[in-house]
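Have a look at the structure below, then the notes.
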Amino acid sequence: MRDEWEHAHTDYTLPAQRRIPASLAESESDWRHHLERSTPNGWLIRNNAMTEALVSGQPMYLLHVTKDIDAIRTSRQVHVSTGCLVGALYCSPLTSQREGLRPHNLGAYLMRTKPSTTPMVFEITPDAPIRPKGLDYLHLGAIHLRTYQRYQSFLNPAESEQLDRAVLAGLHGAAVFLDVALRNATGHATPAPEFIDQLSDTVAHVPFLGYLYFEVLSEYLMLHSVTPETKTCAQAGELNNWLYKRLAFAAVDGMYQLFDLTRFNPRHHRLVQLIDNIEPDLGRGVAEYVRRRLSHLFARTALHPSQDAASVTFQGADLSTIQKAAPGLIGQMVFREIRHMARYRQLYHCFEKSKALEVWDYWNNEGIPTPFNGVLPKGEIGINPLYPRSPVRTWTAKMDGKGFLHPAEEVMAVLTPHLASWWTPPVGARCGTPPMIHDFEPATGARYSISRQLSMNGFPHDHQAPEHSDRNQSHLRSFVREHDPRQRYLRRDV
């Protein structure tokens with residue numbers, strides 16, 4: 001269990017140490033060296049302001065925005081969320097300066113697009129320098145699988161059949177592309193435009209690929225961008241989060257209503273257009289970057305580290321073979337299928353609290369009161385609600401005319417190990433504008449049982465839940481109009 005959580009964390013201040021499958025054309029160390037040394041902003045992977053704050057051992061200030069400040073005052077409790085941090089209070093860093101507390105560019109984005117929320121400042125006083133180990137949710141597959149197997153009895157027979165059918169159908173529909181990705185990961189390059197189009201088509205069968213696709217592009221943009229905005233962020237020791245927000249809103253209609261990466265699937269022509277519109281010089285290299293990087297990350301996150309990537313095939317393989325070779329992929333697929341069940345609102349706490357308890361124990365033993373999203377150290381940081389050795393104080397905050405935050409009223413509330421409720425739309429709502437929650441009938445008639453055939457062997461954002469309100473959506477739509485590169489170029493032409 002501990003090995004799985006260790007496998008899912010990354011410390012960018014140390015050489016890569018994660019076990020990976022054999023026969024990959026490039027190692028994790030090769031990629032780390034390339035990203036750090038061969039991209040304009042790669043130095044920020046190791047030497048960013050957030051990491052420096054963690055290892056300093058000094059008090060840290062974090063920003064959290066909430067629409068529930070009255071409930072927090074009344075209950076004197078702050079609940080945590082799941083998502084990419086599994087069980088932490090989602091925050092972004094604040095830098096203490098003479099003028100006040102300066103928000104990280106991610107925090108500035110949150111306050112800009114969620115104006116009906118209340119900013120809260122959390123002061124964490126660590127007992128020692130904090131180990132800068134970030135949780136990479138892309139590597140949680142085996143943990144998702146083990147959790148499902150432990151609590152699979154919570155599903156009724158119809159739900160079990162629905163899950164079996166969905167995963168088996170997804171594997172069948174995706175098998176050709178998954179083999180293509182593994183061939184690319186082992187050095188047998190295929191044409192990048194064809195690869196991107198196949199990837200786009202396969203996201204519908206394996207929604208996890210939408211997350212992988214988006215994270216690869218976010219990495220590409222943040223590390224390669226050279227705009228004045230990005231350079232200003234870099235001078236502050238920060239990767240530019242606004243880039244991938246613009247990408248998401250431009251790529252998927254209605255993303256401001258529900259940040260749902262299962263719908264992120266631009267084809268090659270559209271991908272190049274999207275990147276060109278964000279930063280023209282980056283469009284010509286993006287397809288080849290995605291081909292190489294996504295293939296490598298797919299092999300690492302899907303396959304068990306004991307496997308030889310050159311000998312694994314998804315076409316024609318039976319389920320027991322796939323689960324042995326790729327527990328990470330099966331876990332990610334099972335996790336997402338459960339999230340789209342009609343009864344997920346009841347199942348949510350059962351499955352997610354189990355993982356949260358494990359990760360809280362891991363963080364406490366590793367000396368981590370403030371875990372961060374370790375896909376990249378881009379400023380998504382949280383507060384561990386059960387860390388026993390670091391006092392936490394809380395205030396509401398006000399922003400001045402220069403963008404600095406100032407603590408206003410201390411809030412006598414404590415972080416508690418309660419997971420805030422969350423929902424996602426059912427399977428039928430994955431395309432188009434997501435509707436609100438409604439009931440649907442699960443599929444029946446599966447001939448195989450994942451619960452019977454999947455073993456518990458293996459190694460191992462998601463993103464945070466959106467806040468639904470008409471006012472927030474109105475401001476997000478305004479943000480999309482202002483920052484969607486298509487709109488910017490239209491205005492320029494006028």
Side-chain angles (χ1 to χ4, degrees), residues 8 80-87 90 135 137-156 158-171 174 203-215 252 254-255 257-265 301 327-356 359 419-443 450-451 454 460-468:
V80 299
S81 55
T82 52
C84 60
L85 294 175
V86 178
Y90 185 83
L135 175 63
Y137 77 93
L138 300 175
H139 282 88
L140 290 176
I143 294 173
H144 293 322
L145 178 57
R146 173 169 53 78
T147 303
Y148 163 70
Q149 291 168 329
R150 179 182 297 172
Y151 300 112
Q152 61 195 13
S153 65
F154 294 172
L155 273 62
N156 63 43
E159 290 166 340
S160 295
E161 292 178 357
Q162 172 195 344
L163 179 65
D164 295 344
R165 288 170 61 90
V167 172
L168 289 166
L171 289 170
V203 169
H205 300 289
V206 179
F208 172 63
L209 292 174
Y211 290 81
L212 203 58
Y213 192 5
F214 179 75
E215 294 294 356
V252 181
M255 190 69 102
Q257 293 174 304
L258 179 65
F259 202 92
D260 178 12
L261 294 177
T262 67
R263 299 186 297 133
F264 186 86
N265 62 347
T301 58
L329 174 63
I330 299 299
Q332 294 284 4
M333 293 179 71
V334 167
F335 170 62
R336 284 170 175 78
E337 289 302 328
I338 292 175
R339 290 170 65 183
H340 287 281
M341 287 182 172
R343 207 164 56 90
Y344 182 63
R345 284 173 288 174
Q346 288 76 47
L347 299 171
Y348 164 77
H349 289 280
C350 303
F351 288 101
E352 299 311 308
K353 189 62 172 285
S354 174
K355 285 176 277 191
V359 80
L419 303 181
S421 294
W422 189 60
W423 67 274
T424 55
V427 174
R430 285 181 183 166
C431 298
T433 302
M436 296 303 288
I437 306 171
H438 63 271
D439 293 330
F440 78 109
E441 290 296 323
I450 290 174
S451 62
L454 297 183
H461 223 233
D462 293 287
H463 294 269
Q464 301 302 304
E467 294 181 350
H468 295 275

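Heavy-atom basis, side chains included; hydrogens, waters and symmetry copies ignored. Predicted model only: the values in this text are computed from it and were never measured.
Here the straight-line distance linking atom CG of L168 with atom CG of L163 works out to 9.0 Å at 0.5 Å rounding. With values rounded to the nearest 0.5 angstrom, Q332 atom CD is found 9.0 Å from L212 atom CG. To the nearest 0.5 Å, atom CG of residue L155 and atom CD1 of residue I338 are 5.5 Å apart. Remark: Y213 OH to L209 CG distance equals 11.0 Å, nearest 0.5 Å. With rounding to the nearest 0.5 angstrom, the CG atom of L329 is 12.0 Å from the NE2 atom of H144. To the nearest 0.5 angstrom, Q162 atom CD is 11.0 Å from H340 atom NE2.
For the pair Y211 and Y137, the tightest heavy-atom approach, listed with the atom from each and the gap, is CD2-OH, 3.6 Å. Taking all atoms of both residues into account, the shortest heavy-atom contact from L171 to M333 is CD2-SD, 3.7 Å. Of all heavy-atom pairs between R263 and L258, the closest is NH2-O, 3.7 Å. Looking at every heavy atom in both residues, T262 comes nearest to P207 through CG2-CB, 3.6 Å.
Remark: the backbone N or O of N156 is paired with a side-chain donor or acceptor of E159 at under 3.5 angstrom.
Side-chain polar atoms of Y344 and E337 form no donor-acceptor pair below 3.5 angstrom.
Aromatic ring orientation, F351 versus Y148: parallel (interplanar angle below 30°, classes split at 30° and 60°).
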Candidate pair T82 and K355, rule side chain to side chain contact (heavy atoms under 4.5 Å, CB included), full reasoning:
CA-CA 9 Å; T82 52; K355 285 176 277 191; over 6 Å; no
Check the pair V359, I143 against side chain to side chain contact (heavy atoms under 4.5 Å, CB included), reporting the backbone distance first and the verdict last.
CA-CA 11 Å; V359 80; I143 294 173; over 6 Å; no
Kindly indicate, with the supporting measurements, whether the criterion side chain to side chain contact (heavy atoms under 4.5 Å, CB included) is fulfilled by Y348 and L419.
CA-CA 9 Å; Y348 164 77; L419 303 181; 3.8 Å; yes
Using the ring-ring contact (aromatic ring centres under 6.0 Å, His included) rule, take F154 and Y151 through it: C-alpha gap first, then chi angles, then the decisive distance, then the call.
CA-CA 6 Å; F154 294 172; Y151 300 112; 5.3 Å; yes
Go through it in stages, so that I can follow the logic: the residues are V86 and L140, the test is side chain to side chain contact (heavy atoms under 4.5 Å, CB included), and I'd like the CA-CA distance, side-chain angles, deciding distance and then a yes or no.
CA-CA 10 Å; V86 178; L140 290 176; 3.8 Å; yes
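In this structure the side chain of S354 reaches within 4.5 angstrom of the side chain of R150, judged on heavy atoms. Proximity of R336 to F208: side-chain heavy atoms (C-beta onward) are separated by under 4.5 Å at one or more points. Put simply, the side chain of R339 reaches to within 4.5 Å of the side chain of F335, judged on heavy atoms.
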